[in-house]
Amino acid sequence: SLPDTVVNGIEIYSTKINCKVTSRFAHNVVTTRAVNHADTAKEVFFDVELPKTAFITNFTITIDGVTYPGNVKEKEVAKKQYDKAVSQGKTAGLVKASGRKLEKFTVSVNVAAGSKVTFELTYEELLKRQKGKYEMYIKVQPKQLVNHFEIVADIYEPQGIKELDADVSFITNDLMDVLTTSFSGKKGQVSFKPTFDQQRSCPTCSTSLLNGDFIIRYDVNREQPGNVQIVNGYFVHFFAPQNLPVVPKNVVFVIDVSGSMSGQKMAQTKEALLHILNDVREDDFLNFILFSSDVSTWKENMVPATPENLRMAREFVRNFRVTGATNINDALLKGIEMINKARETGIVPERSTSIIIMLTDGEANTGESRVDKIQENVRNAIGGKFPLYNLGFGHDVNYNFLEKMALENHGLARRIYEDSDANLQMQGFYDEVANPLLTDVDLQYPQNTISDITQNNYQHFYDGSEIVVAGRVVDFETNSFVADVKGHGALNDLTFTEEVDLKEMEEALKEQEYIFGDYIERLWAYLTIEQLLEKRKNAQGEEKEKLTAQALDLSLKYHFVTPLTSMVVTKPEDNEDSEFIADKPGEEVKADQISHAYATQLNYQPPSNPYYFVDGD
Amino acid sequence: PHFIIEVPQKDGALCFNIDVQPGVVLNLIRDPDTGITVNGEIIGEKDPSSETKKKKSYFGRLGIVDPQMDLQIEVTPQKITLWSGGRRTSFTWMDTVTITQNGLSVTINKKKNMVVSIGDGVTFVIVLHEVWKKHPIHQDFLGLYTVDSHRMSTKTHGLLGQFFHPFDFEVFDVRPGSDPKKPDATMIVKNHKLIVTWGSQKDYRMDSGHGTKVSCWFVHDNGSGLIDGVHTDYIVPTLF
């Protein structure tokens, strides 16, 4: 009999996930080697789930020692190749959204009897700090037992690593021994190398227990509020001051109570609001606006979060009911008016910040229902003075509209997935924005020294987060690089200054040869593309074309698979070229498809039974 | 800690030391009109049992209070904490930051000094003195300099504050002292006749590492005769 490692003639010789993180920029390589022990050609699958925020940078297939590399092309060019392949009856594989945070990269290739195949997927992402930690998420789900399985993450942080943990959902006592986490100074490592037998779901099973989440969390030392690094003509500035008091906030919750919110959605919304009310600080001000066909308010004006008001707020939350249609326009305008009035009449403290958090599960279908008009009304009413956050609940929500509206009002949108933990998702979002430490944060650099900087002003800096700005250094004559960060705190105005001696930094980084040297340049490119794509969502006409051209140019130059590009792997087969294409659809897709962030299409010519993958959520 | 009192009208300076036990808090400045108060807590050597010729003491914690602004500032060699309206903001000496608030300006210059300006006319500089972390005896300490006090009232007192007002002294009968480089003299100040010694102390405002030498007439015995009362009169129970 064949050993357990061989399933349907295929042996997975090894699967290695190698992660190198340098200054929050993660470079991950997933490699799988397989052998076809069968007498006939077999199809070998390679599935990887990667974060939606990541950009694929390379994918290669090596068959019997011959490597077929990936090339990043403009999406339209790649699509023509793809369409041609499909029209010829070739097979296509796609990457689909997988859950809330991931996208599934699926490829398969036909491997001749006795042949070996190696798949190698590389992707990069900038790890974002949330609630005081950077998080790297790896989905582990090998289809069968693997001879050599390993995950190794090497982390290098110039500020020094403060804490490092790995949270593995499928861990058992037996596997604890093969999971090691260590850090010292600037370096940290997480290693997970289960033996073949340790992978078995039971001593006699031929199925793998490696199935679940592998999450690496860490944070860096913060002796200083900021850290500037400069390598090869590019700089990155990380800014996250500590120990500042929280700026009081004036929060208006705008809650959709239309008929579609009935049942579990409303129960979870109430549960989340009740929990949030426990966390509201005494110096905050708040109010609730409920909307269905009509708009109603809890209190006429913003009220302080006194114990008595909070008691009444809880009672109000427990008792409101769902009914009617969805009037988003009037509800938001009411909320904006309420905040503006509170500010003008001095109801809320001068040193405070205002936010509107809207939760809805549907589309505007009563009152003003033209989304363009609603956006215009809201934009004009807010006038850039405070952010709007939109939480889109469930599958039917017009998420594109909510996202556009939030982005053009300096906020952001989040999906609340209709699931048992929807209340926790809402609370989690609130926790992120509950503690603003600075408002109107402006990061300034000497103008004639730098160019091409990423976004350098933010309405808020929230406790536990981090602001990242990157750019090019154009004046190499200068010896020092000075960055000033100005912001308004709860009590005072602050100006933080970071000064870097370029020569000293160059010397220090020379010692770190093992890190990939162009990480700041790639981090800058990643961040620039991400921000251009976000701006593009709200742009029109020439502006949109310009942003698209810039993002495309950088995607091609830095080999990133973004919504504007695709990766094509060409494999000569039977005297005919076969294309493997990986891409990431743009935002033009319908709202319910927006989470198909990647579509990887792999075309090849199987000997028989050509088939098609379908891209679906 | 050593005190240097510059007397511009006499084109000279006076110095004295105050030696008290670690943990003692001394009032340095108190202005009953504005309410501005500066106190300093004494720290000693790292290892009190070490056999050094003379135990040195320094300021290890400084507290500045301005009740009109509802402001308190606590400075140690480790961190800087501001309380405003009972709410706290803290910084470390690794920060380079300027904090401004209704006439208050605090600038922390990373690992060097901080400048506190309260309104127009009151400015203090606090200097961080860092010593080698593994030094067996000494530890990090602080220095306080008043660079502008013209908005403080004439009632201002304290070990430093009493010298914000013009005062006169006279030195005569300069004669060789026990150290040939440090002559003794007789000084008449505040109706006291004192024996003083010519010496020097260091001003660390500009160069916190090496300091700048300031020649001065040194008043012995914890500034007896120069300061109003005796040095123990300036001991206060707490920093704030």
Side-chain angles (χ1 to χ4, degrees), chain A residues 158-160 162 220-228 237-249 281-284 349-352 435-445 461 463 480-501 504, chain B residues 61 64-120 122-126 128 130 133 140 208-209 240:
Chain A
Q159 286 161 275
K162 182 183 164 198
V220 301
N221 292 326
R222 295 184 191 276
E223 285 186 332
Q224 293 166 262
N227 177 257
V228 176
H237 182 187
F238 300 103
F239 178 73
Q242 309 287 290
N243 301 317
L244 299 176
V246 175
V247 178
K249 1 174 243 309
R281 301 167 65 94
E282 207 164 336
D283 48 6
D284 289 344
E350 196 183 330
R351 276 196 181 271
S352 64
N435 298 309
L437 300 185
L438 291 172
T439 61
D440 298 324
V441 186
D442 192 17
L443 298 97
Q444 298 171 344
Y445 307 91
F461 166 73
D463 194 19
S480 70
F481 182 93
V482 180
D484 283 327
V485 186
K486 294 184 175 174
H488 303 302
L491 310 170
N492 31 49
D493 295 338
L494 299 121
T495 303
F496 296 90
T497 304
E498 291 295 324
E499 187 166 1
V500 173
D501 187 302
E504 264 179 34
Chain B
R61 202 155 67 106
I64 301 173
V65 181
D66 181 349
Q68 288 178 0
M69 294 185 77
D70 197 8
L71 171 80
Q72 287 186 356
I73 302 174
E74 182 183 336
V75 187
T76 70
Q78 289 74 42
K79 66 176 183 177
I80 296 141
T81 311
L82 278 73
W83 282 271
S84 184
R87 301 185 70 196
R88 193 181 71 160
T89 311
S90 59
F91 302 92
T92 73
W93 282 102
M94 295 301 286
D95 296 331
T96 298
V97 60
T98 300
I99 305 124
T100 52
Q101 174 192 337
N102 302 333
L104 168 77
S105 167
V106 178
T107 299
I108 302 165
N109 294 304
K110 182 180 170 180
K111 295 175 90 173
K112 283 182 186 161
N113 59 35
M114 63 180 283
V115 182
V116 181
S117 295
I118 303 172
D120 177 24
V122 180
T123 302
F124 305 115
V125 175
I126 295 168
L128 173 68
E130 281 192 303
K133 286 273 176 276
D140 296 350
S208 62
F240 294 112

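Order of the sequence lines fixes the chain letters, A, B, ..., with proteins taken first and strands second; residue numbering starts at 1 for each chain.
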**OP:** Please name all residues satisfying salt bridge (charged side-chain N to carboxylate O under 4.0 Å, His left out) with Asp493(A), sequence neighbours left out, ordered by chain then number.
**Re:** Arg351(A)
**OP:** Select one option (side chain, backbone, both, neither) describing which atoms of Ser84(B) are under 4.5 Å from chain A's heavy atoms.
**Re:** both
Original post:
Non-hydrogen atoms of chain A under 4.5 Å away: do they reach the side chain of Leu82(B), the backbone, both or neither?
Top reply: side chain
Original post:
Any side-chain heavy atom of Lys110(B) within less than 4.5 Å of one from Gln224(A)?
Top reply: yes
Original post:
Does the side chain of Asn492(A) reach to within under 4.5 Å of the side chain of Leu104(B), using non-hydrogen atoms?
Top reply: no
Subject >> Straight-line distance of Leu494(A) CG to Ile108(B) CD1, nearest 0.5 Å >> reply: 9.0 Å
Subject >> Atom pair OG1 (Thr92(B)) and CZ (Arg222(A)), whose distance is rounded to the nearest 0.5 Å >> reply: 13.0 Å
**OP:** Name the option with the most non-hydrogen atom pairs under 4.5 Å to chain A; the candidates are Thr96(B), Asn109(B), Ile99(B), Asp95(B).
**Re:** Thr96(B)
Original post:
If you count heavy-atom pairs under 4.5 Å between each of Thr89(B), Thr107(B), Asn102(B) and chain A, which one has the most?
Top reply: Thr89(B)
**OP:** Would you indicate whether Glu223(A), at its atom CD, is surrounded by more than 12 heavy atoms from other residues, nucleotides or ligands within a distance under 6.0 Å?
**Re:** no
Subject >> Arg87(B) side chain vs Val246(A) backbone, donor-acceptor pair below 3.5 Å >> reply: yes
Original post:
Is it the side chain or the backbone of Gln242(A) that comes within 4.5 Å of chain B heavy atoms, both, or neither?
Top reply: backbone
**OP:** Check whether Asp484(A) gets within reach of chain B through its side chain, its backbone, both or neither, counting any heavy atom under 4.5 Å.
**Re:** neither
Subject >> Residues of residues 64-71 of chain B within contact distance of chain A, non-hydrogen under 4.5 Å >> reply: none
